[in-house]
Amino acid sequence: MPSNKTNFKEYHEKQLHALKTKDEQVYELIAKEYQRLQNTIQLLAAENQCSPAVLAALGSVLQNKTAEGFPAARLHGGCEVVDDVERLAVARAKEAFVAKYANVQPHSGTQANQIVITALLETGDKILSLGLEQGGHYSHGSHVSFTGKFFNVENYYVNRETFLLDYDSICEKAVKVKPKLIICGASAYSRTIDFKKFRKIADEVDAYLLADISHISGLVIASAHPSPVDFAHFTTTSTYKPGGPRGGLILMGNDYNRKIKVQRKDKLLCKQIEESTFPGVQGTPYLNHIAAKAVFLKETLTDEYSARQFKIVENAKRLADRLVDLGLDVLTKGTDNHMILVNAANSREGLTGVTSQKSLEDCGIITDKIHLPYDEKPSSITSGIRLGTPIVTKRAMGTEEMDTISALIDATLKNVKIVSDSEYKIDEPFKQQTKKQVKDLCSNFPIH
Ligand code: DSN
């Protein structure tokens, strides 16, 4: 291992060289993915681009350290450096989210949820959450996830006409179900979530409240969306969606000192969360990811990051407005966050989510098909597509580019020749011409 700064730099330069010389196949695939990103318009609401500094921390020697436990309470020796790394990440997470407690160890957003849920609930306890088909998430209670398998899950729904959360009906459902845990936060909801109302509902039925803000956590850091941290007992997020490394966080605000009864003894909730993390759900934390989270969280404290979060919302609003003007059926007619939900099936006779996603991808525009609330199509087909603006905004695209992108989407969806719910054809000259327009646009806004 190098012993001074010059050697340390050389050590990292050698990493890329080693990959190229030792495994050209993987090196070439990574290079190919880089080109794909540069030459296509990424509109995935659940994706972002982290900085080279975050990538450097991910690719560092910290990946090799085994350090089960928490700082100053590890099962392994040689942890003095990684203890400092983890303490730094915790301090920055607390600063970024204005939280009183932060746990930076979850390997993902799903594991952050798993840690909280298993810290609070016994098998068979009741959870009330937004169903996956309504815009929720697998880890909020889907029957195919651990939540649905081990807990008794009931769902609340968005309003059938407005597609908005209806807090009165959620409250009614909570009173009826009496859950031990209510989960709020969504993977497909484009309007502001009222976390204060959710807490009021949770208090009314004496339930814990978990706010999973994975999709909007960057906006929350910048105050471009209200924060749940002091309303929810627990706030969780994945760290890649707001622009950091893969991983998760658990945050606590006003309730961090609250106690829970475990085997008839009072225990601090945050202590219970730590035991649920290790040894409850995970083994050794990924120290390279924790270092990368620290680097990312420092970035979130800059004016540049904060301004970008507001621009993400501005771009999403513009894109949604233009799509509405062009005659597409945008759910709720717009957005308050980074996300736009389009009912493709309502926009053009015969179109489905999957044919929309695939035909757009053929032309270099990357989106997700999405099961919309009350969607009657199967989940492999769907009626909708979900768009998001974090990456195009990171590339410094703005209003003019949102107008260009909406026109390209509209033209592509009009050009598709529908064969069936899952099959379509698209004119080759149209495809080549659109791909070129996309590539030209992207070349003016490279990913750094
Ligand atoms: N994969 C994310 C999404 O698509 O929203 C959720 O984890």
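Atoms within a ligand are numbered from 1 in the order they appear, just like the ligands themselves. Worth knowing before you read on, the calculation uses all heavy atoms, side chains too, and leaves out hydrogens, waters and symmetry mates. FYI, the numbering just counts along the sequence from 1.
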Heavy-atom donor-acceptor pair, Thr237 side chain to Leu249 backbone, under 3.5 Å: no
Nitrogen or oxygen of His215 less than 3.5 angstrom from that of ligand 1: yes
is_close_aromatic(Phe198, Tyr156), centroid dist under 6.0 Å: yes
SB check Arg92 Glu95 (cutoff 4.0 Å): no
Arg246 versus His289, side-chain donor and acceptor atoms under 3.5 Å: no
For atom 4 (O) of ligand 1, the protein heavy atom that lies nearest, with its residue and separation: Arg386 NH2, 2.8 Å
Atom 1 (N) of ligand 1: nearest protein contact (heavy atom, Å): Tyr240 OH, 4.0 Å
Short side-chain to backbone donor-acceptor contact, Asn159 and Thr162, under 3.5 Å: yes
Atoms in ligand 1 with a heavy atom of Ser187 nearer than 4.0 Å: 5 (O)
Ligand 1 atoms in contact with His137 (distance to a heavy atom under 4.0 Å): 6 (C), 7 (O)
Ala46: numbered ligand 1 atoms lying under 4.0 Å from its heavy atoms: 2 (C), 3 (C), 4 (O), 5 (O)
